[in-house]
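These notes are about the structure you will find just below.
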Amino acid sequence: QVQLVESGGGLVQPGGSLRLSCAVSGRTVSTLAIAWFRRAPGKEREFVAALKRNMGSTTAADSVKGRFTVSRDNGKNTAYLQMNGLKPEDTAIYFCAGGSGNPITSSLRYERTYDYWGQGTQVTVSS
């Protein structure tokens, strides 16, 4: 059984940084396409960033490009979302997702691409 567990959320001031972790069990993280999605209060869940499996490329939403980076550590079987230059509009619950296939880059931003989901971690950006 594959499980994804997020951690690392919290309260941070505007301009600050956080690193979210997604611990994977039941599957090797390098064999999964990994994505981060978020759901802000009163809004639909939206794509943030993704990393293709193995030595795959990354892609990110325009709203976070240049600020957020997705990566993984195969030795720790964990994926990460490094968030820099945080803004109040980044406040949301952040979800980690894993996909078994090898989707094309344009498919990485769609929820239907992913088979496994974590429960989410809250990120609040406020002074």
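These numbers come from the heavy atoms of this one structure, side chains and all, not from hydrogens, waters or symmetry mates.
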Is Ser100 close to Tyr116 at the side-chain level, that is, under 4.5 Å between some pair of heavy atoms? yes

Can you tell me if Thr58 uses its side chain to pair, donor with acceptor, with the backbone of Leu51 under 3.5 Å? no

Which atom pair, heavy atoms only, marks the closest approach of Val70 to Ala50? CG1-O, 3.4 Å

What are the two closest non-hydrogen atoms of Ser17 and Gly85, and how far apart are they? OG-N, 4.4 Å

What heavy-atom pair brings Gly99 and Tyr114 nearest, and what distance separates the two atoms? N-CD2, 3.5 Å

Listing, residues 5-13 side-chain donor-acceptor contacts under 3.5 Å, not counting sequence neighbours, or none:
residue	atom	partner	partner atom	Å
Glu6	OE1	Gln119	N	3.0
Glu6	OE1	Gly120	N	2.9
Glu6	OE2	Cys96	N	2.8
Glu6	OE2	Gly120	N	3.2

Would you name the heavy atoms of Leu108 and Phe37 that are closest together and state the gap between them? O-CZ, 4.3 Å

Nearest atoms (heavy-atom pairs only) where Val24 meets Val29: CG2-CG2, 4.0 Å

Leu18 to Leu86 - nearest heavy-atom pair and separation: N-CD1, 3.9 Å

Are the side chain of Thr113 and the backbone N or O of Ser107 linked by a donor-acceptor pair below 3.5 Å? yes

Given side chains that start at C-beta, do those of Arg53 and Leu32 come closer than 4.5 Å, heavy atoms only? no

Does the plane of the ring in Phe95 sit parallel, tilted or perpendicular to the ring in Trp117? Use 30° and 60° as the thresholds. perpendicular

To the closest 0.5 Å, what do you measure between OG1 (Thr59) and CD1 (Ile104)? 11.5 Å

Look up atom CD in Gln82 and atom OG1 in Thr69, then write down how far apart they are to the nearest 0.5 Å. 7.0 Å

Has the side chain of Asn102 got a donor or acceptor atom that lies under 3.5 Å from a matching backbone atom of Lys52? no

Please, which pairs that meet salt bridge (charged side-chain N to carboxylate O under 4.0 Å, His left out) have at least one residue in residues 73-94, sequence neighbours excluded? Arg38-Asp90, Arg67-Asp90

